[in-house]
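Notes follow the structure.
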Amino acid sequence: MLKASVSHVLRRLVVCYREGAKARGVAVASEGRAEPRLEARRAEEEVLTGEGKTQEQHGVQFGRTGGTRTHRKMPPKKICIVGSGNWGSSIAKIIGHNVKASNRFDPYVNMWVYEEMIDGKKLTEIINTEHENVKYLPGHKLPRNVVAVPEITEAVKGAKILVFVIPHQFIAKLCDQIKPHITEGTIGISLIKGIDEGPEGLKLISDIIREKLEIEVSVLMGANIANEVADEKFCETTIGAKNEANGVIFKELLQTPNFRITVVQESDTVELCGALKNIVAVGAGFCDGLGFGDNTKAAVIRLGLMEMVAFAKLFCKGEVSSTTFLESCGVADLITTCYGGRNRKVAEAFAKTSKSITELEEEMLNGQKLQGPQTSAEVYKLLQKRDMVNKFPLFSAVYQICFEGKEVKEFITCLQNHPEHM
Ligand SMILES: NC(=O)c1ccc[n+]([C@@H]2O[C@H](COP(=O)([O-])OP(=O)(O)OC[C@H]3O[C@@H](n4cnc5c(N)ncnc54)[C@H](O)[C@@H]3O)[C@@H](O)[C@H]2O)c1
């Protein structure tokens with residue numbers, strides 16, 4: 001009897017707390033929902049344990065399985081975002097908010113920042129005091145639980161989830177620095193768009209991370225121009241996760257009402273889409289610079305897509321299905337990059353001026369890096385090795401125009417003679 005009335009009082013207290021929390025604008029878990037918001041959960045646990053201490057402080061966490069409360073002795077996973085450019089900072093905004101809403105993650109997020117001086121002040125200090133990456137994502141406040149750390153070894157300490165988001169040319173060196181600090185069970189996700197070339201052919205950036213750190217690596221690619229994501233304009237994205245459980249974790253970490261995620265298993269195809277579309281975007285920029293219109297751009301997008309599919313089928317180790325190209329990482333990312341984005345913009349300027357890609361990158365991008373021309377160079381090397389340059393005229397022309405002095409107007413000749421029309 002006494003037991004029943006105590007439990008009744010406790011239930012009433014929880015209901016009262018929930019109502020109070022709703023009034024304060026805090027989301028509260030409805031029955032059966034996976035994860036209540038951190039604040040609500042803490043207070044709820046305080047009520048249920050009858051002490052000032054939360055379950056977390058006891059070293060025990062609550063999880064829910066099918067609506068039944070269970071004790072899950074899993075410490076919250078610490079996240080480290082490796083990178084803090086335009087995309088890195090936008091994703092930090094999402095992660096910073098999402099970790100507060102889940103008991104799966106540690107509520108503080110480290111963000112490794114390549115240290116730079118901005119008007120005599122360290123960028124990390126600016127981020128940690130003003131909560132804004134004034135160089136790479138000006139005008140957006142980062143959540144206060146995102147902590148900028150200049151030392152990579154310090155940033156990754158204790159992290160169980162690593163989010164890689166740096167220009168791909170820096171990844172190998174960083175992984176070497178990170179390796180001694182990796183602990184068992186750490187997983188990674190790469191948001192990096194690019195490829196590399198290894199002794200046996202194509203090397204994906206996720207392959208480099210996997211091999212160097214010996215961890216499982218998923219990828220996230222999609223039609224996601226960083227500033228628009230930071231502005232919380234609706235978009236979709238794709239996670240490629242060979243391990244389904246990791247896909248679930250990353251979806252929980254990264255999805256928001258305006259950043260909708262589909263998880264697929266064909267991780268290599270997803271990643272290749274993210275890298276190859278930047279080459280096509282350079283071609284689209286050439287056409288803009290030459291004064292061609294939307295019909296031409298549509299042709300570049302279509303022919304570019306055909307080359308992306310053919311390249312993936314030839315060079316991917318795993319399965320390549322056409323449906324993956326219909327995800328956000330495929331055709332959607334290709335379209336957005338051929339209309340917006342830095343690769344298109346710099347390529348347009350390249351077609352209109354006599355300046356080199358490197359000069360334009362320095363002049364136009366304020367420290368941001370271009371991926372398209374460099375990816376075209378990696379792809380070209382692979383095509384040459386396999387004697388397949390002629391089968392990929394769009395990819396090859398982008399490389400030859402960027403690096404070998406081929407005239408930009410020759411790009412149109414390459415489209416006119418594309419094997420698709422022969
Ligand atoms: N920006 C986007 O819209 C977008 C969207 C999706 C994916 N991506 C991909 O995300 C990755 C990161 O892009 P971003 O936009 O965050 O970066 P960015 O190009 O905006 O910035 C460059 C970053 O590189 C860092 N850096 C400079 N020199 C370095 C060095 N020597 N070592 C290590 N880091 C150095 C800078 O501090 C800065 O954080 C790229 O692969 C890009 O293709 C970008």
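Order of listing sets the numbers, starting from 1, for every ligand and every atom in it.
The residues R302 and E420 are annotated as salt-bridged, a charged nitrogen and a carboxylate oxygen being separated by less than 4.0 angstrom. Salt bridge status for K203 with E211: present, with a side-chain N to carboxylate O gap under 4.0 Å.
Residue contact annotation: K135 has no non-hydrogen atom under 4.0 Å from ligand 1. Within the 4.0 Å heavy-atom shell around ligand 1 one finds S84. Not a single heavy atom of G83 sits less than 4.0 Å from an atom of ligand 1.
Of the possible polar contacts, none joining the S218 side chain to the A241 backbone as a donor-acceptor pair under 3.5 Å is found. For the pair K141 (side chain) and E130 (backbone), a donor-acceptor distance under 3.5 Å is present. Not a single donor-acceptor pair under 3.5 Å links the side chain of S396 to the backbone N or O of P393. Checked by atom type and distance alone, the side chain of N133 never pairs as donor or acceptor with a backbone atom of I127 at under 3.5 Å. For the pair E115 (side chain) and L123 (backbone), a donor-acceptor distance under 3.5 Å is present. At distances below 3.5 Å, not a single donor-acceptor pair connects side-chain atoms of T296 with backbone N or O atoms of F292. In terms of modelled atom types and a separation under 3.5 Å, the side chain of N86 and the main chain of Y136 share a donor-acceptor contact. Not a single donor-acceptor pair under 3.5 Å links the side chain of T186 to the backbone N or O of I182. Judged purely by atom type and a 3.5 angstrom limit, Q384 has no side-chain atom pairing as donor or acceptor with the backbone of V389.
The shortest N or O to N or O distance between E116 and ligand 1 is under 3.5 Å. Among the atoms of I192, none of the N or O lies under 3.5 angstrom from an N or O of ligand 1. Annotation: W112 places no N or O atom under 3.5 Å from an N or O atom of ligand 1; distance criterion only. Ligand 1 has a nitrogen or oxygen under 3.5 angstrom from a nitrogen or oxygen of W87.
Regarding atom 9 (C) of ligand 1, its nearest protein heavy-atom neighbour is L191 O, 3.6 Å. Shortest contact from atom 12 (C) of ligand 1 to any protein heavy atom: I166 C, 3.6 Å. With hydrogens left out, the protein atom closest to atom 1 (N) of ligand 1 is R342 NH2, 2.6 Å, a heavy atom. Atom 20 (O) of ligand 1 has its closest protein heavy atom at N86 N, 2.9 Å. Atom 38 (C) of ligand 1 has Y136 CZ, 3.4 Å as its closest protein atom, hydrogens excluded (heavy atom only). What sits closest to atom 25 (C) of ligand 1 on the protein, heavy atoms only, is Y114 CB, 4.2 Å. In terms of protein heavy-atom proximity, atom 34 (N) of ligand 1 is closest to F170 CD1, 3.5 Å. Protein heavy atom at the shortest distance from atom 5 (C) of ligand 1 is N224 O, 3.1 Å.
Under 4.0 angstrom from ligand 1, the non-hydrogen atoms of Q371 all belong to its side chain.
Y399 and Y380 have parallel rings, their planes meeting at less than 30° on a 0 to 90° scale where 60° marks the start of perpendicular. Ring planes of F286 and F411: perpendicular class, angle over 60° (limits at 30 and 60°).
Nearest-heavy-atom check against atom 24 (O) of ligand 1 across G274, G85, P167 picks out P167. Within the set A92, S89, A226, the minimum heavy-atom distance to atom 3 (O) of ligand 1 is found for A226.
The G88 neighbourhood of ligand 1 comprises atoms 16 (O), with distances under 4.0 Å to a heavy atom of that residue. Of all atoms in ligand 1, numbered sequentially from 1 with element shown, those under 4.0 Å from a heavy atom of K193 are 6 (C), 7 (C), 41 (O), 43 (O). With ligand atoms numbered from 1 in the order given, ligand 1 contributes 3 (O) to contacts under 4.0 Å with heavy atoms of I225. Less than 4.0 angstrom separates some heavy atom of G367 from each of these atoms of ligand 1: 22 (C).
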